[in-house]
Amino acid sequence: MSFIKSITIYENAATRVYINECHKMGKKTRVFAVRRDDKTGLAMLLGGIKFNPRWRQYVFEAEAKTLWSSGCMKNIVDFIDDLNYKWRRKQWSKT
């Protein structure tokens, strides 16, 4: 899997949380990885954002045993809301 672009959603002196758009062959919708870098430079996968066909919207799936601050979660929710808005607008323009 390769990354297309990276968007930082939270940063302080010790940690940076960011979203990578992933390139997956054969997928109709976009897939994102939520990752964290700490001051040692090690990256950790925190979860993923992908389209859920049953709910007909993008959703966030957190990795097991990850902790989230309210500010970081709000930034993820805002990112997903923007994705869902753009997806719905694209679907309406097809009709």
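Basis for what follows: all heavy atoms, side chains included, without hydrogens, waters or symmetry-related copies.
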Interatomic distance, Arg30 atom CZ to Cys22 atom SG [nearest 0.5 angstrom]: 11.0 Å
Heavy-atom check, side chain of Val31 versus side chain of Ile49, under 4.5 Å: no
Minimum heavy-atom distance between Asn75 and Ile9, given as atom pair plus value: ND2-O, 2.5 Å
Give the intermediate values and the outcome of side-chain contact (heavy atoms from CB on, under 4.5 Å) for residues Arg56 and Trp87. CA-CA 10 Å; Arg56 300 194 50 76; Trp87 182 82; 3.6 Å; yes
If you take all heavy atoms of Leu45 and Val34, which pair is closest and at what distance? CD1-O, 3.5 Å
SG (Cys72) and CZ (Arg36) are apart, to the nearest 0.5 Å, by 10.5 Å
Apply side-chain contact (heavy atoms from CB on, under 4.5 Å) to Asn20 and Arg35, showing your working. CA-CA 8 Å; Asn20 289 124; Arg35 301 169 64 85; 2.9 Å; yes
Donor-acceptor check, side chain of Tyr18 to backbone of Tyr10, threshold 3.5 angstrom: yes or no? no
Any side-chain heavy atom of Asp82 sitting closer than 4.5 Å to one from Asp78? no
Measuring from Leu83:CG to Phe51:CZ, what's the distance to the nearest 0.5 Å? 10.5 Å
Can you check whether Phe60 and Phe79 have ring centres sitting under 6.0 Å from each other? no
Compare every heavy atom of Trp55 with every heavy atom of Val59, then report the nearest pair and how far apart it is. CG1-CE3, 3.4 Å
I need the minimum non-hydrogen distance between Trp68 and Met73, along with the two atoms involved. CB-CG, 3.5 Å
Separation of Lys50 NZ from Thr29 OG1 (nearest 0.5 Å): 9.5 Å
Measure the CD1-CG distance between Ile80 and Asn84 for me, rounded to the nearest 0.5 Å. 7.5 Å
Donor-acceptor contact present, side-chain Thr66 to main-chain Glu63, <3.5 Å: yes
Looking at every heavy atom in both Thr8 and Arg16, which two are closest together, and how far apart are they? OG1-NH1, 2.9 Å
